[in-house]
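As the structure is a prediction and not an experimental result, all values here were calculated from the model. Just so it is clear: chains get the letters A, B, ... in the order the sequence lines come, proteins before strands, and each one is counted from 1.
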Amino acid sequence: MQNPQIRVRIAPSPTGNLHVGTARTALFNWLFARKNNGKFILRIEDTDLERSEEKYVQNIYDSLKAIGLNWDEGPDIGGEYAPYRQSERTEIYREYAQKLVESGHAYYCWCSTAELEAEKEIAQREKRDFVYSGRCKKFSREETEKYRQEGRTPVIRFSMPAKKLKFNDMVKGEIEFDTALTGDFVIMKSNNTPTYNFAVVVDDAEMKISHIIRGEDHISNTPRQILIYEALGLEIPQFAHLGMILAPDRSKLSKRHGATAVNEFIDQGYLPEAFVNFLALLGWSPPDGEEVKPLSEIITLFNIDKISSTPAVFEFDKLNWLNGTYIRNLPIENITQRARKYLEKSDLSAYSEKQLREIVEAVKNNLVKLSEIADSISYFFGEDVNIDDQIRETILKTEQSQQVLREFSGLAAELDYRDAEGINEKLGEFRKQMKPLKPKDVMWAVRASLTGRTHGADIAVVIKLLGKERTLRRVQNAITATV
RNA sequence: GCCCCCAUCGUCUAGAGGCCUAGGACACAUCCCUUUCACGGAUGAGACAGGGAUUCGAAUUCCCUUGGGGGUACCA
């Protein structure tokens, strides 16, 4: 079987930060390339000069790299088919457009926006779809010259052959369109710049793209593109259209649903490796049922035939669970290091690195996002602790708690603060000693006085890390504050 | 409106005619562990959108309806 080099691409337009939908498409392309020993290419589609911005190009690079998707050819690293930015390829599009005009597959259209609007209005009134009439197609050289003389700037339209067009989609199966419904569409704008549908075809062909894996929002563009391939006598690639990513309310994922850009998730404290893992699960499922899986393993298991054709809801619950799982599985040094910027919201100087790791170890289990660590560890810092009014009133101020704390301050004075396990044992004895008070109530009083909270890290560890002085001080404060 | 795509638990999905009284994961509930919250463990509840047709037999094939999504630009 002739199996030419597999080449896929991701072609985002830099009109915003890298969207999760684009990231997911990039991921599937990347997986397909890596799985099949192919090439993954990054191309920047910046033909829309108005909306494209350089900072977004940078964001695309950064986001892709952050989630571990490296490309083999691209604007920044070059490659055999450079340049990889559409804005630097305009000459190429012009040549191809010219070819099409010469071969009769395209023609200049001199219609003004106003004239087109009028046609559209009529179509609307007659309740039929607007399909460009194609009247400029028949113009003679003289008429063309006349318009040029008038100072009109033409567009180039592709001459649509009307026919039933079938193509086989790798994920959707056979799809059929009636191209008569489309009409002659613009391939070169009046500013001599290509439209999307034309530029993609030219680039994909020039760059020898073998498989086009993209979102299903492009499915209706496909017949037009196939027709251009045909008109140009180029080989038609394989298509695969992925279901969209939807918001929990099943509408298109947008800003109003919260974060939509990859970097926002990472900034929020999602681990990039957890995030890609989650993305992979949107439309693909591991044959062995093990969903927590690094990219390296997903590559070997990945199979494009197994991609779901259904749109997928972006569910935060599962992302959160995955992220927590990844955090828990990380070696403690690694978490500590990666959480540094959040940890540093507290003044770390009072602790050694070793102690800091103990703190992280003590709180890591209930983290969903790395960023939450800042709050989880806050009571380990400072001489005193903030206790909110409700806890002060309902937990600390009760006579029962006061009694516990008076007793506990005695115990606290003679603990061995180097030994968490020992502290734990003493605490056990203490609970017995405080009977008939319930163990839970006893510990809540102690915990609240020390941490200002009703839940958190193992209390013996808290006591150890707080040390004698602060433990005594905080307990004492909790007692005196209410007298 | 027209065109195209899609349709299994709340969500992501497994399922390619009998293995399905439909499996897994997240979320949810209960219980266990436990000084708290978590973590971990166990159990439970929970779906083939509806209607026809094909077949000995349909979640799986076909048709219709309904619902959802996408497209309908000199945006990409």
Can you find a heavy atom in the side chain of [X] that is under 4.5 Å from one in the side chain of [Y]?
X	Y	value
A:L465	A:I359	yes
A:N17	A:Y56	yes
A:F265	A:F278	no

From [options], pick the nucleotide closest to the side chain of [X]?
X	options	answer
A:S285	B:A14, B:C5, B:C75	B:A14
A:D458	B:C12, B:A76, B:U36	B:U36
A:N197	B:C5, B:A76, B:G24	B:A76
A:I459	B:C74, B:U35, B:A76	B:U35
A:R250	B:G68, B:U35, B:G70	B:G68
A:E216	B:C74, B:C5, B:G24	B:C5
A:L282	B:A38, B:U35, B:C12	B:C12
A:K120	B:A76, B:C74, B:C12	B:C74
A:P311	B:U11, B:A25, B:C6	B:C6
A:H455	B:C37, B:C12, B:C74	B:C37

Under 3.5 Å on both distances, the Watson-Crick or G-U partner of [N]:
N	result
B:C28	B:G44
B:U66	B:A7
B:C2	B:G71
B:U54	none

[N] [atom2] sits how many Å from [X] [atom1], rounded?
X	N	atom1	atom2	result
A:L253	B:U11	CG	C1'	14 Å
A:F239	B:C4	CZ	C1'	15 Å
A:I219	B:C3	CD1	C1'	12 Å
A:N323	B:A25	CG	P	20 Å
A:N424	B:U36	CG	C1'	13 Å
A:F316	B:U11	CZ	P	17 Å
A:L242	B:G69	CG	P	19 Å
A:R51	B:A76	CZ	P	8 Å

Counting only side-chain nitrogens and oxygens, does [X] get under 4.0 Å of the OP1 or OP2 atom of [N]?
X	N	answer
A:S251	B:G69	no
A:R328	B:G40	yes
A:R447	B:U36	no
A:K306	B:A14	no
A:R24	B:C12	no

On RNA chain B, nearest-nucleotide positions of A:P12 versus A:S220: which is more 5'? A:S220
Residue met sooner reading RNA chain B from 5', once A:E315 and A:A457 are mapped to nucleotides: A:E315
May I ask you to check whether over 12 heavy atoms, not counting those of A:Q390, lie within 6.0 Å of atom CD? no
Give [X] one of three labels, base, sugar-phosphate or nothing, depending on what nucleic acid heavy atoms sit under 4.0 Å from its own.
X	value
A:H218	base
A:T47	sugar-phosphate
A:G324	nothing
A:D178	nothing
A:E50	nothing
A:S190	base
A:K252	sugar-phosphate
A:V155	base

Pairing residues for A:E150 by the salt bridge (Lys or Arg N to Asp or Glu O under 4.0 Å) criterion, not counting sequence neighbours: A:R152
Determine the interatomic distance between [atom1] on [N] and the same-named atom on [M]; round to the nearest Å.
N	M	atom1	result
B:A49	B:U30	P	31 Å
B:A59	B:G51	C1'	16 Å
B:U54	B:U60	C1'	13 Å
B:U66	B:G50	C1'	7 Å
B:C9	B:A47	P	9 Å
B:G57	B:C64	P	23 Å
B:U36	B:C31	P	14 Å
B:A16	B:A58	C1'	12 Å

Taking the six-membered ring for Trp, are A:F167 and A:F177 parallel (under 30°), tilted (30 to 60°) or perpendicular (over 60°)? parallel
Measure up the A:F239 and A:H241 rings against each other and bin them: parallel (under 30°), tilted (30 to 60°), perpendicular (over 60°). parallel
Qualifying residues under side-chain hydrogen bond (donor to acceptor under 3.5 Å, both in side chains), relative to A:E361, sequence neighbours excluded: none
Does NZ or CZ of A:R224 lie under 6.0 Å from the centre of the six-membered ring of A:F158, at an angle within 45° of the ring axis? no
Tell me whether the NZ or CZ atom of A:R157 lies within the 45° cone about the ring axis of A:Y132 and under 6.0 Å from its centre. yes
Taking atom types as they are modelled, is there a donor-acceptor pair under 3.5 Å from the base of [N] to the side chain of [X]?
X	N	answer
A:T195	B:C74	no
A:N366	B:C37	yes
A:K318	B:A25	yes

